[in-house]
Every structure is written in structure tokens, then in C-alpha cells.
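Data first, discussion second: the structure below is written as C-alpha cells.
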Number of protein chains: 2
Amino acid sequence: MTTRSYRQHCGLARALDVLGERWSLLIVRELTFGPKRYRDLADNLPGLGTNLLAARLRTLESAGVVGKGVLPPPANVQVYELTPRGEQLRPMLEDLALWGFQLLPDDGGDDLARAAWAALSMCAVMDREGSGDVRGTFAFEVEDERFYLSLTAGEPRVRNGVPPDPPDVRVVTDLPTFFALAARRLTPAKALRDDLLAVDGDRRRLDALLAVFHLPARAPA
Amino acid sequence: MTTRSYRQHCGLARALDVLGERWSLLIVRELTFGPKRYRDLADNLPGLGTNLLAARLRTLESAGVVGKGVLPPPANVQVYELTPRGEQLRPMLEDLALWGFQLLPDDGGDDLARAAWAALSMCAVMDREGSGDVRGTFAFEVEDERFYLSLTAGEPRVRNGVPPDPPDVRVVTDLPTFFALAARRLTPAKALRDDLLAVDGDRRRLDALLAVFHLPARAPA
DNA sequence: CGGAATCCTCTTCGATACTG
DNA sequence: CAGTATCGAAGAGGATTCCG
């Protein structure tokens, strides 16, 4: 498996030698949410064959973008995680996500959707335009997804799993409601009234959070 | 030719549906230097088959990233150029170029090298870290390449061809010397002494320009 | 059972030849 | 000059099997 190269002495071409193959950047996206095991990566990337996943991880590892780690006991399982060099890619992924967001159809069709992916774009917006005075840790449970958004210190971040410390707000909902809230087609108040949403903690923090999320408008091709 | 998609309702995945195929971002890179004809694109992207180039241009065009234009008379030839949506990609290309730069081998091997590609990274550095009080238009003639760097108003930019107005400084050199200057392994003074470089105009401006170009250090894999 | 290597089919890529 | 047509080679996708 001799890795293909553009053979150009150019930073962009070199970056694409490492990251430009199919699925590579989506693997990096998954790892921006925190360390993941092989199986979880495969589950979040349907269509990616197990042989390719292994090959991509090998390529990314030898380029110093991802590394293998071991979760602390009692888990003791092997996980893949971003190295510092991989973490450097986060702002580029966010920029690309915002750029691509304008090309997304309003209706997702039957495409796979994950709330954490939308949360990544939200972080990107807050990174770039500030998050006002919204602070705190927000734990989300959207169908089978568990992730949390921390706006405590530094940059906003989405991480998978449950927060290490009790969150300020805990939000339980389903995927359509989450997307409707993010797109501001629905207010938390109305979602609560219709029993589409459950909130633990200070609800006003959630209102404040959603007020900052003005994702860019979508423009059709 | 039904264009392949990741089928994920995610901005990044959508961006990669459009830009993630082989060669696409390098085509965009070429067009960041200004409008180009089909042949010039093909010449700068060896290894890219003409059928693929046509296919990529079609895909990029239908995604609203590139458009067809016609050069003003008497040229009257068809060119491809970035649309505003394509121009939005410039900062991401620059970020990726800087990220990939650290992975470039010191010795280019027998990879294709272009001075304009290095100039793109230089612009990226100046974009991010400021260009001090360096101002002006710098025309470069590096072997068969003609491009210019403008630091007049707004952001630094590299464009191919010759500047519309007479440049403040005109620099003629060869590729190894250009790279040595950019990497600061060589000073303009010494290059001039060794007859590797010719400068028209205020030479101190060139010194000032090169002083700003501290490209990131390269770290091997 | 999770983490991969193997096999096989299908699509895409890359190079050349060809056409308006 | 600006593409289209063609074809062998390489890569992707899916199922299955192998290892620990």
C-alpha cells in the first residue's frame, strides 16, 4: 500500500497527501469530539469499509495526526485520539463545516444526521463571532447520542460522552427537535410545552445558548 | 456521472462532497492566483488527466465554486475563475497550506515546485501575523513563472501574470534562489552579489518583505 | 466480542488517443 | 485549444474470515 502523493512541493498539496483521501477528514472530525474506539468510528461512518478505516488510521497515525491511546482502568480499551498536530486541524474543519453548511439542503433527505455534527458548526460560529456572555457546561442527550458543550474557559468545545463534572444544564430531546432548535425554527419554550424537550438546570442558560447559534443561511446551488 | 456523496447531513461532509475528490482543491488553489485557461490548469497540475480536469471543473461549477469567464478583448479566450463562494475558500487553503508546510521535506526531492505556491504560504503567514509596515507591489519572474504580490490595501494577495500597474519592485531569479530566500537560507544581498538575483526598484522593500516571511519550521513525521 | 486482514466486485483514476 | 472517448491500473465498498 504505497500511499499516493501529488508530488508537489507545496504545503497544500502535502496536507492533501495526508488528509485528502476519502474519509480521512471525517475520521478527524469524529476524533475532534474526543478519543474513540475503532468500533465507534466505524458506527459513525457508515459506508466506510473496515479495511479502509484501518488503512486510513494507519496513514493518519504515521503522519502524526492521530495516535493510539488506552482509556484509564477499568475500561482499559484501546482508543484513537488526535495528536496535537491533529488538534491543529480543528479550526480548518470548523471553517470547512461552515462553508459547507450553506450548501446543505434544508431537508436532510435520508442522509445520516447527528446532533454532535451540528454542535460542531455551532462551536465554529461561537469561535468566530464570540459567545457573548454564555457560560457553562451543557450536556445533551439526543436519542442515542451523548455529548456535551463546554463554554467554561477558552474556546467552546464539543466532546462526546458525559461531562466529567455535573453539567449546568442537561438537555434531553430527539433529533428533529434538536435541529429545529438549532435552526431556530422552534423555541425551547414551545418545545417544552409540546413535551419534545426536557431540561434540567437553569433553562435560561439554554435560551441564551441558542440565541448565539445563528448558523449561516443556506443557499441552494 | 452521478457525483458521489457521503450522505451525511453535516457541513463538513457536504464541503467534502464538493471539494474532497482528488485534485479539486488543487484546482481551486490554482484559481486563487487568478483566472486561468484550461490548458494552464492542466500544465500546472501534471498527473491530472484531461478527462478528470473537465469532470472536476464541471462539478465545481455546478456547486457554484468556479465559473467560466471570458478575458477582455483582444484576448477573448475562455477562462475559469473562482466565484465569490470559491473565494471564501482562500483562508482555508492558506491554513491547510501552513499546516502541510510543516510536513514538507526540506529537500523537495524531484517533486514539482512553483514559486507561486510558496508565495501563497507567505501570504498566509502575513495574513495571520501581519505584514508589519511592508507595502507595495512586488513582481516576480522566477524562471518561467510570472506572478506578483500586492500588499497595497487589504489582505496580501498573489496573482499570476504581470501587475496591471508598474510594480514597486521587480525581482528576477531562479527557483532554487527563490526558495532559499523564502526559507531565509540566503539573504538578498548575497544573492545579488552572486548574480543569482536581479532587483529593479527599491531593494530595501524586498529586504523588508523577506523579513516578514518566517515560514513555520518543518517537523519530520 | 472488538480489532483488524482478506477476498471480490465495482467505481474512479491516470494516460493516451481522438474530435469539434 | 478545449475538451470527449477509451482502457488498463488503482482504489473504494461490502461481506466474510481471522486473530486476541
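So that the names make sense, note that chain A is the first sequence line, chain B the second, and so on, each numbered from 1.
Taking the side-chain hydrogen bond (donor to acceptor under 3.5 Å, both in side chains) definition, one finds that A:T177 meets it with A:D174, sequence neighbours left out. Under the salt bridge (charged side-chain N to carboxylate O under 4.0 Å, His left out) criterion, B:E141 pairs with B:R146, B:R170, sequence neighbours left out.
Relative to the side chain of A:Q78, the nucleotides C:dG3, C:dA5, D:dG13 differ in distance, and C:dG3 lies closest.
Remark: aromatic rings of B:F178 and B:F140 are close, center separation under 6.0 Å.
The stretch residues 31-52 of chain A touches DNA chain D through A:G47, A:T50, A:N51, A:L52, each having a heavy atom within less than 4.0 Å of the strand. Within residues 12-22 of chain A, no residue has any heavy atom under 4.0 Å from DNA chain C.
End-to-end axis angle for the helix from C:dC1-D:dG20 to C:dT19-D:dA2, using five pairs per end and rounding to 10°, comes out at 30°.
A:W117 and A:E30 share a side-chain donor-acceptor pair at under 3.5 Å.
The minimum heavy-atom distance between B:G69 and B:E81, with the atom names listed, is CA-OE2, 3.7 Å.
Using a cut-off of 4.0 Å between Lys/Arg side-chain N and Asp/Glu carboxylate O, A:E21 and A:R4 are scored as not salt-bridged.
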When you compare the protein's N or O atoms with those of nucleotides 18-20 of chain D, which come within less than 3.5 Å of each other, and at what distance?
none

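Taking the ring centre of B:Y6 as origin, the terminal cationic atom of B:R14 falls outside the region bounded by 6.0 Å and 45° from the ring axis.
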